[in-house]
Amino acid sequence: MHFPKILRERYNLLVPRQEDGLVVLALFQKVRAGTIERTFPERLIVDTIKQVYTELGMTSARGEETQKYDEALHRLLRHFLDKNLEEKTYQLSTYAENFCDMLEREVHTAINPSQIQKTFSDLVLLLERKLESIDDFRHWYHTQFFKHKNDISAQLRALQSQIEDTVEQLNDLVKNEFDNFREMLIGCEALLDRIKEQADKLSSAFSSKDDIKQILDDASLADEPDFRETKREVRSFFKDIEQRLINVSHTIDRIKPKINKLYNDFEKREFDRKIEAFLIYLLKNSSSKFGRTKKLKDRTVHEVEVFLPKNIITRDFYSDRSRLTSIDYYQLLDPPPVLVQDLSWDEEDLKRQAMLRQQQIDREIRIEKWISDIAAELEKKKKVNFADYYYKILFKDNDLEAAIKTATLVLKEFSKMENVEVTVREEFALDAKQPNIGIWKLQLKSTAS
């Protein structure tokens, strides 16, 4: 990809360094809060640069600092600051204000399913009125749909950001020991449940997108190339947000078991700590006294009296004086012999399974051949009525399952193709030879020029 030369040269000025961006953002926030005027002197810019550099740990020798401040000011004057030569004052450029506004909206986007639902309702309502001509449709796309695309995407990015924050908190819990581990884990689980709830509400709010797709499918502008191209872009955007919502749900489903495992690990860890503390206390505070030695055949037995700490003795169950005897060694028995079993095979069942598997393979080969034939006809004639193929498969292969699987595969594969329109109408295409079997009218149309 070849970028325009002017963009290559100005890229590092249009996309500021971290320190430059933070300076612009600090000035923007001060202006908005009213702590400084919209126009301000150079001194205030230098003070802000000093503050940002100090927070980032970028301080250096005094002479070098002055040079750095001058270089930063020079960079900002290219796109982010406007200078009034007569009054010798500065103000943020429109580009800088838009840049800061974009950053703040991205960081502070609140997930608002009800607002998104209203946005989609407006899109549907206005689209119904903008399909009389291609110019009206273009107006809807640029002033309504394209305008709200970022708002819709921002909701999903905010949702994904919350999940990433939760994952970071969980990773931090795993790597470090916290006194309030359980409380923090409960907080992470509650946040994850909240994200799941918000994802479900967003998914419900996005349901109006199906109305938009249906309206576009039924529009009378299908012969307009611009309409078809824009329609594909709209459907592609909807497909993308659907996939992103699915990814959010899958991520939550993967995290949930890990949280449950952390709970179990925490409980086990607490139990192990208590046992360890108890055993250490016993070892430190118990005493022992040698009793006697017995000479037995092939071994010697030592008896030792052990006195447990008095403050852990329960009178009803224990004595503070216990006699321990060393444990003898026992000869382990030889393991029983392994019995070799003769396995008998059902030859008829094996043949039946092999035959069924071969039938499946043959069916898959036939389905691939039908799909290939449909694609070839679509390329040649630009339009295919799938119902014709459906009944061909039934008559030629005498296989209803193959016909159904071919229909499913046609919907799945051809719907993904950019230059193919798939239309399904809730009208049955019937055949007199198969009065008890029907299929909705399914048409494939090539839009490739």
Side-chain angles (χ1 to χ4, degrees), residues 28 32 94-95 97-163 194-249 251-252 415-416 418 421-426 445 447:
F28 175 79
R32 188 179 56 186
T94 302
Y95 181 77
E97 292 176 344
N98 291 336
F99 174 80
C100 294
D101 184 61
M102 179 191 68
L103 288 180
E104 291 199 334
R105 281 191 288 107
E106 185 68 22
V107 173
H108 300 298
T109 296
I111 299 173
N112 192 341
S114 61
Q115 186 61 41
I116 289 297
Q117 192 166 18
K118 292 177 183 177
T119 297
F120 270 103
S121 297
D122 290 343
L123 288 173
V124 172
L125 183 63
L126 292 170
L127 177 60
E128 291 174 337
R129 303 174 181 175
K130 293 291 184 180
L131 289 173
E132 295 181 1
S133 68
I134 189 63
D135 290 335
D136 287 344
F137 177 67
R138 288 196 195 102
H139 184 266
W140 173 85
Y141 178 79
H142 291 291
T143 64
Q144 298 299 321
F145 181 81
F146 194 81
K147 174 184 175 183
H148 292 295
K149 275 179 64 177
N150 189 55
D151 294 335
I152 296 169
S153 296
Q155 296 282 298
L156 294 171
R157 290 197 300 271
L159 202 63
Q160 187 63 40
S161 178
Q162 288 187 3
I163 290 182
R194 174 62 176 158
I195 295 171
K196 175 64 174 174
E197 179 185 352
Q198 290 174 327
D200 292 341
K201 288 182 178 179
L202 277 179
S203 182
S204 177
F206 290 157
S207 61
S208 294
K209 69 184 182 304
D210 296 328
D211 296 332
I212 294 176
K213 290 193 287 188
Q214 187 62 51
I215 293 171
L216 293 177
D217 287 341
D218 297 339
S220 59
L221 301 174
D223 294 333
E224 296 281 352
D226 286 352
F227 174 82
R228 294 197 299 268
E229 180 64 28
T230 305
K231 175 184 171 182
R232 278 195 293 272
E233 290 181 13
V234 173
R235 294 181 71 93
S236 176
F237 174 72
F238 287 157
K239 186 176 181 180
D240 177 61
I241 63 175
E242 286 173 351
Q243 187 59 52
R244 289 163 70 181
L245 276 172
I246 291 172
N247 291 342
V248 167
S249 296
T251 302
I252 293 173
S415 296
K416 296 178 183 177
E418 293 185 357
E421 285 188 2
V422 179
T423 305
V424 180
R425 297 191 179 278
E426 296 183 14
K445 184 177 179 182
T447 60

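Here the structure is a predicted model, which is why all the values come from computation and not from measurement. Sequence positions, counted from 1, serve as the residue numbers for this chain.
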Engineer: Any heavy-atom pair between the side chains of T230 and H142 that's under 4.5 Å?
Structural biologist: no

Engineer: With sequence neighbours excluded, what pairs up with F145 under the ring pair (Phe, Tyr, Trp, His ring centres under 6.0 Å) test?
Structural biologist: W140, Y141, F237, F238

Engineer: Only counting residues at least two apart or in another chain, list the ones meeting side chain to side chain contact (heavy atoms under 4.5 Å, CB included) with T423.
Structural biologist: R425

Engineer: Taking atom CG of D223 and atom CZ of R228, what is their separation to the nearest 0.5 Å?
Structural biologist: 7.0 Å

Engineer: Do you know which two heavy atoms are closest between L131 and S220, and how far apart they sit?
Structural biologist: O-OG, 4.3 Å

Engineer: Does T143 reach the main-chain N or O of H139 with its side chain, forming a donor-acceptor pair under 3.5 Å?
Structural biologist: yes

Engineer: Take atom NZ in K149; do more than 12 heavy atoms of anything else shown fall under 6.0 Å from it?
Structural biologist: yes

Engineer: Taking ring pair (Phe, Tyr, Trp, His ring centres under 6.0 Å) as the definition, give me every residue that meets it alongside Y95, ordered by chain and number, with sequence neighbours left out.
Structural biologist: F80

Engineer: Go through the structure and list residues passing side chain to side chain contact (heavy atoms under 4.5 Å, CB included) with E418, not counting sequence neighbours.
Structural biologist: none

Engineer: Excluding sequence neighbours, so at least two apart, what forms side chain to side chain donor-acceptor pair (under 3.5 Å) with D210?
Structural biologist: none

Engineer: What residues form a side chain to side chain donor-acceptor pair (under 3.5 Å) with D226, not counting sequence neighbours?
Structural biologist: R138

Engineer: Under the side chain to side chain contact (heavy atoms under 4.5 Å, CB included) test, which residues partner R32, sequence neighbours left out?
Structural biologist: F28, Q29, E104

Engineer: Return the set of residues passing side chain to side chain contact (heavy atoms under 4.5 Å, CB included) with D136 (not counting sequence neighbours), or none when no residue passes.
Structural biologist: K130, E132, S133

Engineer: List the atom pairs, with distances to 0.1 Å, where a side-chain N or O of residues 120-129 and a protein N or O form a donor-acceptor pair under 3.5 Å, not counting sequence neighbours.
Structural biologist:
from : atom 1 : to   : atom 2 : distance (Å)
S121 : OG     : Q117 : O      : 2.9

Engineer: Which pairs with one or both residues in residues 237-246 pass salt bridge (charged side-chain N to carboxylate O under 4.0 Å, His left out), sequence neighbours excluded?
Structural biologist: K209-E242, K213-E242, D240-R244

Engineer: Less than 4.5 Å apart, side chain to side chain, heavy atoms only: is that true for L216 and F137?
Structural biologist: yes

Engineer: Residues in salt bridge (charged side-chain N to carboxylate O under 4.0 Å, His left out) with E224, at least two apart?
Structural biologist: none

Engineer: Return the CD1 to CZ distance between I212 and R235, rounded to the nearest 0.5 Å.
Structural biologist: 11.5 Å

Engineer: Dump the intermediate steps for side-chain contact (heavy atoms from CB on, under 4.5 Å) on D217 and K231, then the final yes or no.
Structural biologist: CA-CA 9 Å; D217 287 341; K231 175 184 171 182; 2.9 Å; yes

